[in-house]
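A short write-up of the structure that comes next.
When a ligand or atom number is given, it counts from 1 through the structure's own listing order. Small disclaimer: the values here were computed from a predicted structure and weren't measured.
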Amino acid sequence: MDTFASLREIQEKLQSGAVTCVQVVTSYLDRIEKHTHLNAFLEVYHQEALQKAQQIDQKISDGTAGRLAGLVVGLKDMLCYQDHSLQAGSKILSGFESQFTGTAVERLLHQDAIIIGRQNCDEFGMGSSNENSAFGATLNGIDTKRVPGGSSGGSAVAVQMDMCHISLGTDTGGSVRQPAAFTGIIGLKPTYSRISRHGLVAYASSFDSIGIFSKSLEDNALILEIIAGQDEYDSTVSRSAVPEFSSIKALKKCKIGYIRESVETEGVQPEIREKTMEQLELLQQSGHQVTAVDFPLIEYVLPTYYLLTTAEASSNLARYDGVKYGYRSQHQESLDGFYKNTRSEGFGNEVQKRIMLGTFVLSASYYDAYYTKAQKVRRLIKDKTREFFDSFDFLVMPTTPTTAFELNKYADDPLEMYWSDLFTTPASVSGNPAISIPNGFDKNGLPIGFQIIADDFNEQGLYALSREILKGREN
Ligand code: GLN
């Protein structure tokens with residue numbers, strides 16, 4: 001069966017009887033089967049998805065189907081789905097099953113979406129290449145010698161290769177936007193607190209956000225509309241009204257700023273610079289005001305991000321002690337030894353490194369020098385970002401400094417890997433909403449991403465500008 005461009009197309013075909021929901025699910029299952037070598041799924045809910053499809057076919061003929069009937073969704077292995085295994089890409093959660101379904105997933109199910117499986121990711125969301133998964137790397141569908149990005153690599157590849165229509169991932173410092181750029185699809189990180197974190201495995205709680213992968217912009221907006229908004233299980237969720245994201249508004253002429261360094265730095269791959277400049281020119285030609293700006297704090301963003309996220313991670317991951325959840329070491333000579341062995345055997349290297357770094361920056365003698373200082377810098381970055389949006393509507397830049405890199409490229413140089421987060425971490429440190437949309441290809445045919453950042457809670461603006469850009473490209 002052919003692939004579907006949008007949920008609307010699926011639903012029209014379901015309504016007219018051209019296809020059944022069972023056939024739709026079967027077509028995704030077939031493609032999952034065909035692409036197992038990419039290692040995108042850790043588990044596929046084969047029978048269950050087909051059964052659910054049968055029920056939805058019935059609902060469609062009864063006229064009682066929900067808004068997402070016919071939608072097939074994959075979940076990053078960081079999102080709770082009741083009675084289903086959940087491991088956060090880690091050995092330490094071996095054997096763990098979710099006791100409840102998280103709010104975002106619950107809202108999808110309520111509208112008759114079908115969950116098709118659990119997707120590979122970097123352990124606890126820590127990584128930019130999906131190589132830190134306890135279950136092996138996910139491969140990029142466009143070139144299997146290359147990474148798909150991370151940490152939500154499996155979720156991106158699943159949408160890229162039409163193994164599901166939508167994936168929910170998580171974005172703490174770019175984990176939805178960066179893999180979306182590397183695989184040539186759309187990835188949204190909404191404003192921090194737009195979507196409930198109930199049922200999302202915590203990595204760095206003041207940064208963590210559920211994000212949405214799709215090929216269709218309209219579908220991305222519809223999913224956000226359905227999963228966003230107040231939730232009694234997460235008191236940090238914003239009470240701001242959830243607009244009707246799915247009716248994407250036309251855009252007025254607006255003021256767009258781009259960070260000069262993001263296109264002028266040598267470190268940015270030449271084709272990415274060219275494509276970004278081309279896009280900026282197009283925007284200018286269509287009547288928007290496009291200005292280069294300096295963002296003097298940009299060099300502090302990455303260190304601030306890695307100090308604060310490791311600190312929060314060291315605290316969040318303290319709960320995995322072998323007593324309450326998952327993996328338990330067989331070497332249990334003493335209580336201390338038991339904890340140590342469980343955590344040393346259960347966590348991978350990257351996670352252990354970050355727990356140690358985080359513990360260090362939170363330790364009594366270094367707390368003020370690192371943690372407090374990083375918090376202060378975060379505040380400055382937020383203030384500067386706010387100031388920026390007093391005079392501009394959007395901040396744009398490439399999503400990543402390079403296109404998808406080869407597997408193992410940074411195996412001996414993890415710091416280099418952190419640089420790939422250079423352009424995605426600003427919106428994570430400030431909490432602003434950001435989207436990555438496709439922006440052509442490099443000379444090897446690898447996708448390039450264009451990132452748009454908006455003022456807090458202006459996801460509508462992100463969708464409006466994205467639509468204008470994507471439409472422009474069709475013509
Ligand atoms: N690559 C970043 C990190 O390792 C971002 C990860 C994420 O957004 N979950 O922290």
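With no hydrogens or angles considered, no side-chain donor-acceptor pair links Ser238 and Ser193 at under 3.5 Å. Residues Asp421 and Gln178 have side chains that never bring a donor and an acceptor to within less than 3.5 angstrom of each other.
Salt bridge annotation for Glu271-Lys275: absent, with no cationic side-chain nitrogen under 4.0 angstrom from a carboxylate oxygen.
The shortest distance between side-chain heavy atoms of Tyr370 and Phe360 falls below 4.5 Å.
When all heavy atoms of Thr399 and Phe423 are compared, the pair lying nearest together is O-CB, 3.5 Å.
Closer than 4.0 angstrom to ligand 1 by heavy atom are Gly125, Met126, Gly127, Ser128, Ser151, Asp171, Thr172, Gly173, Gly174, Ser175, Tyr203, Tyr305, Tyr306, Arg354, Asp421, sorted by chain and number.
Relative to the six-membered ring of Tyr28, Arg31 meets both conditions, a distance below 6.0 Å and an angle of at most 45° to the axis.
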